[in-house]
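This report refers to the structure that appears directly beneath it.
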Amino acid sequence: MGDAVSYKDLGLANSREMFAKAMVGGYAIPAYNFNNLEQLQAIIVACAETKSPVIIQVSKGARDYANQTMLRFMAMGAVQMAREMGSDIPICLHLDHGDSFDLCKSCVDSGFSSVMIDGSHLPYEENVALTKQVVEYAHAHDVTVEGELGVLAGIEDEVQAEQSTYTKPEEVEDFVGKTGVDSLAISIGTSHGAYKFKLGPGEEVPPLRFDILAEVEKRIQGFPIVLHGASSVVQSYVQLINQYGGKMEGAVGVPEEQLRRAAASAVCKINIDSDGRLAVTAKVREFLANNPGEFDPRKYLGAARKELVDLIKHKNQTVLGSANRA
Ligand code: G3H
Ligand code: 13P
Ligand code: ZN
């Protein structure tokens, strides 16, 4: 690519101050994934209206889908749009699940204000070395870095993990000290996607491993923790999807009260992608089923976008506690 672009020139913020305030305030910053215009519009409208700081994040797959230059200009547009709404909320553009130094470097150079290097599937020392390399480059550009210890079950972008490996609390201090990361994603029982737990008849979702979280917090006091795989898999959306021709049996996620408990702790960033996907799919299916003659994408995507705004406002206000913190 051509000349490097700094996120500071785009009006974006890194995550450092956001996390410092969230730690003190006992809430979490929402990190919403986006791939397209309607998702980003909904995130910005909902966060501007609830006065919430926000992390807009892009996976490697999303970046391949949408084109990195397009995404950067969309992020610039997002900053401007929030300002025009009279709401100067801090917006952080974050790479979700970066899997190589080159990808992280490319994001730093193209205007991202934060990157995740996910070496969680690597042997410990390799994870340390890769993460440290990314931190050195990113910090030279005042870009913040998220690392990960422990592997979530499910699908992590293109990295498949059949089974979860909980974070080992005895590793966190060494990892944070050696790498210099700004935040740490941990594995305490969540997983990516819409099928987080396999429940038998009458069974309830098992609690997250708050004991591991507490042990981690004790060892790295005041250090920002990140929770991936934090969608609740809103059942009203699953029902709408199934009602209007979809097939998503047994989809289940993390109950909201467990996320509230996490947000009140050292968990400063909560990642949500699947709930947004469900909201969009439910509303598009419903709209098209009820309006079979309609073929203007603005109509059905508009219905989806409206639902997404309501969902994100609800998350900010009653789950993460990030509303009115900007
Ligand atoms: O962690 C995974 C995120 O939900 C992104 O998913 O790789 O399908 O874009 P994706
Ligand atoms: P969900 O699939 O639970 O939304 O998790 C998203 C995520 O962790 C993105 O990194
Ligand atoms: Zn994730």
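Whatever order the structure lists them in is the order used to number ligands and atoms, beginning at 1. No hydrogens, no waters, no symmetry mates; every other heavy atom, side chains included, goes into these values.
- Ligand-side atoms of ligand 2 in range of H228: 8 (O), 10 (O), range being under 4.0 angstrom from any heavy atom.
- Transitive grouping of hydrophobic side chains (ILVMFWY, heavy atoms separated by less than 4.5 Å) brings V135 and Y137 into a common cluster.
- Under the 30°/60° scheme for interplanar angles, the aromatic rings of H97 and H192 are found to stand perpendicular.
- Taking a cut-off of under 4.0 Å to the non-hydrogen atoms of S59, the atoms of ligand 1 that pass are 5 (C), 7 (O), 9 (O), 10 (P).
- The I272 neighbourhood of ligand 2 comprises atoms 4 (O), with distances under 4.0 Å to a heavy atom of that residue.
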- Please test K315 against D275 for salt bridge (charged side-chain N to carboxylate O under 4.0 Å, His left out), starting from the C-alpha separation and ending with a verdict. CA-CA 10 Å; K315 300 255 183 209; D275 277 343; 2.5 Å; yes

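- A side-chain donor from one of Q39 and N35 sits under 3.5 Å from a side-chain acceptor of the other.
- A donor-acceptor contact closer than 3.5 angstrom is absent between the side chains of D102 and S100.
- Protein heavy atom nearest atom 3 (O) of ligand 2, with residue, atom name and distance: K196 NZ, 2.5 Å.
- Summarising the contacts of atom 8 (O) of ligand 1 with H228, R277, H97, the nearest heavy atom is found in R277.
- The closest approach of H228 to the Zn ion (ligand 3), by N/O/S atoms, is made by ND1.
- Annotation: atom 7 (C) of ligand 2 to nearest protein heavy atom, H192 CD2, 3.3 Å.
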- Show the numbers, then the answer: is there a side-chain contact (heavy atoms from CB on, under 4.5 Å) between R261 and E257? CA-CA 6 Å; R261 184 173 163 193; E257 56 277 12; over 6 Å; no

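- Hydrophobic clustering keeps V238 apart from L240 (ILVMFWY residues linked when any side-chain heavy atoms are closer than 4.5 Å, directly or through intermediates).
- At least one N/O-N/O distance between D273 and ligand 1 falls below 3.5 Å.
- Considering backbone and side-chain atoms alike, D275 places every N or O at 3.5 Å or more from each N or O of ligand 2.
- Under a 4.0 Å criterion applied to the non-hydrogen atoms of H97, ligand 2 contributes the atoms 10 (O).
- Between E146 and K269 there is a salt bridge, since a side-chain N of the basic residue sits under 4.0 Å from a carboxylate O of the acidic one.
- Scanning the protein heavy atoms around atom 9 (C) of ligand 2, the nearest turns out to be D96 OD2, 3.1 Å.
- Of the candidates I117, L130, V143, C104 forms a side chain to side chain contact (heavy atoms under 4.5 Å, CB included) with just one, namely I117.
- In this structure, atom 2 (O) of ligand 2 lies nearest to the protein heavy atom S274 OG, 2.7 Å.
- Residue contact check for ligand 2: M116 places no non-hydrogen atom closer than 4.0 Å to it.
- Between N33 and ligand 2, not a single N/O pair is under 3.5 Å apart.
- When the options G229, A31, G193 are ranked by their closest heavy atom to atom 8 (O) of ligand 2, first place goes to G229.
- In terms of hydrophobic clustering, with Ile, Leu, Val, Met, Phe, Trp and Tyr side chains grouped at heavy-atom distances under 4.5 Å, I220 and M23 are assigned to different clusters.
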